[in-house]
Amino acid sequence: MGNSALRAHVETAQKTGVFQLKDRGLTEFPSELQKLTSNLRTIDLSNNKIESLPPMIIGKFTLLKSLSLNNNKLAVLPDELCNLKKLEMLSLNNNHLRELPSTFGQLSALKTLSLSGNQLQALPPQLCSLRHLDVVDLSKNQIRCIPDIVGDLQVIELNLNQNQISQISVKISCCPRLKVLRLEENCLELSMLPQSILSDSQICLLAVEGNLFEIKKLRELEGYDKYMERFTATKKKFA
């Protein structure tokens with residue numbers, strides 16, 4: 001991609017606060033963007049070949065609300081990313097991430113996080129510090145279990161489809177705002193699904209197709225009626 005084309009994008013972004021450069025085969029984060037650290041609100045560099053984010057630049061976008069880097073080659077995120085105090089949406093689907101920075105809990109404004117199609121092997125504990133987080137997509141990773149820390153998650157929707165989950169902590173029923181739980185195509189036996197999800201949680205949409213049990217067996221569990229009451233009430237609300 002020529003310098004003049006990039007310059008034109010930078011000039012447009014200076015006026016609009018939006019920098020979008022997808023499908024361009026970029027191998028690195030454009031250094032030209034450091035001129036725009038104080039006025040960009042949206043960056044979308046999806047569908048490129050970016051392998052890393054520059055620590056000296058990435059944390060300086062003080063007004064940034066939305067960052068999309070789907071379909072790149074990121075294996076590690078720099079700690080400096082967590083300086084983005086206004087970031088509300090972070091989308092990193094289909095990269096090579098195995099973990100999140102230890103400082104990830106500092107992204108205090110984050111509402112939506114998409115990490116589908118990475119190489120995470122555990123539920124990142126840093127997510128439990130994010131009080132405004134509404135939606136988390138961790139589908140298509142390598143997560144094997146949902147640990148006790150899940151009870152501290154503040155999310156409304158948690159997508160764990162297409163992982164390798166065979167164990168779920170009963171603490172998932174304590175999530176104060178969790179309404180939608182997606183667990184399709186995992187390795188769950190029916191006996192490993194905490195009954196309290198049905199009887200004692202806020203969850204009103206539980207998606208568990210494609211596990212190691214027949215859905216009709218789920219309907220025979222104690223508490224299923226209570227779950228269906230929540231499910232039906234929610235459907236009516238949005239009908």
Examine [X] and [Y] and state if one hydrophobic cluster contains both, with Ile, Leu, Val, Met, Phe, Trp and Tyr joined whenever side-chain heavy atoms are less than 4.5 Å apart.
X	Y	result
Val10	Leu26	yes
Leu40	Ile57	yes
Leu221	Met228	yes
Leu120	Leu183	yes
Ile203	Ile215	yes

Would you name the heavy atoms of [X] and [Y] that are closest together and state the gap between them?
X	Y	answer
Asn95	Lys73	OD1-N, 3.2 Å
Lys226	Ser199	CD-O, 3.4 Å
Asn211	Leu188	OD1-N, 3.1 Å
Leu178	Val180	CD1-O, 3.5 Å
Leu36	Ala13	CD1-CB, 3.8 Å
Leu45	Pro30	CD1-CD, 3.9 Å

Worksheet item: Between Ser173 and Ser196, is a side chain to side chain donor-acceptor pair (under 3.5 Å) present by the stated rule, with each step listed?
Response: CA-CA 6 Å; Ser173 312; Ser196 55; 2.6 Å; yes
To the nearest 0.5 Å, tell me how far [X] [atom1] sits from [Y] [atom2].
X	Y	atom1	atom2	result
Asp44	Phe19	CG	CZ	10.0 Å
Leu92	Leu67	CG	CG	6.5 Å
Asp148	Ile168	CG	CD1	12.5 Å
Tyr224	Ile197	OH	CD1	13.5 Å
Lys140	Gln162	NZ	CD	5.0 Å
Arg230	Cys204	CZ	SG	7.5 Å

Practice prompt. Give the intermediate values and the outcome of side chain to side chain contact (heavy atoms under 4.5 Å, CB included) for residues Leu69 and Leu53.
Written response: CA-CA 10 Å; Leu69 289 153; Leu53 298 177; 3.8 Å; yes
Practice prompt. Identify which one of Val155, Ile149, Leu123 satisfies the side chain to side chain contact (heavy atoms under 4.5 Å, CB included) criterion when paired with Cys128.
Written response: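 Of all the options given, the one that passes is Ile149.
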Discussion item. Please identify which of these residues, Leu97, Val136, Asn159, meets the side chain to side chain contact (heavy atoms under 4.5 Å, CB included) condition with Leu115.
Written reply: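 That would be Leu97.
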Should we count [atom1] of [X] as having more than 12 external heavy atoms under 6.0 Å?
X	atom1	answer
Glu220	CD	yes
Glu28	CD	no
Glu99	CD	no
Lys49	NZ	no
Lys179	NZ	yes

Does a donor on one side chain and an acceptor on the other come within less than 3.5 Å for [X] and [Y]?
X	Y	value
Gln119	Arg98	yes
Ser68	Ser46	no
Asn163	Asn141	no

Discussion item. Please evaluate residues Phe61 and Leu81 with respect to the criterion side chain to side chain contact (heavy atoms under 4.5 Å, CB included), reporting the C-alpha separation (whole Å), side-chain torsions for both, the decisive distance (0.1 Å), and the verdict.
Written reply: CA-CA 9 Å; Phe61 292 96; Leu81 177 73; over 6 Å; no
Does some side-chain heavy atom of [Y] sit less than 4.5 Å from a side-chain heavy atom of [X]?
X	Y	answer
Ile58	Pro78	yes
Pro176	Gln154	yes
Gln167	Arg144	no
Lys85	Gln106	yes
Leu90	Thr112	no
Thr62	Thr37	no
Leu21	His9	yes
Asp79	Phe104	no

[X] side chain to [Y] backbone, donor-acceptor under 3.5 Å:
X	Y	answer
Ser91	Ser114	no
Asn72	Glu51	no
Asn118	Leu74	no
Asn48	Gly25	yes
Asn83	Lys60	no
Glu32	Arg7	no
Gln126	Pro101	yes
Tyr227	Arg219	no

Discussion item. Test side chain to side chain contact (heavy atoms under 4.5 Å, CB included) on Phe231 and Leu206; report intermediate values, then the result.
Written reply: CA-CA 9 Å; Phe231 176 76; Leu206 175 64; over 6 Å; no
Practice prompt. Given side chain to side chain contact (heavy atoms under 4.5 Å, CB included), test Gln14 with Asn39 step by step and report yes or no.
Written response: CA-CA 7 Å; Gln14 208 152 11; Asn39 53 344; 3.6 Å; yes
Practice prompt. Have a look at Asn94 and tell me which of Asn47, Asn70, Asn71 forms a side-chain hydrogen bond (donor to acceptor under 3.5 Å, both in side chains) with it.
Written response: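 Looking at Asn47, Asn70, Asn71, the match for Asn94 under the side-chain hydrogen bond (donor to acceptor under 3.5 Å, both in side chains) is Asn71.
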Discussion item. Under a 4.0 Å threshold between the charged nitrogen and the carboxylate oxygen, would Arg182 count as salt-bridged to Glu184?
Written reply: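 No, no charged N to carboxylate O under 4.0 Å.
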Worksheet item: Ion pair present between Asp134 and Arg177, side-chain N to carboxylate O less than 4.0 angstrom?
Response: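 Looking at Asp134 and Arg177, the cut-off is met.
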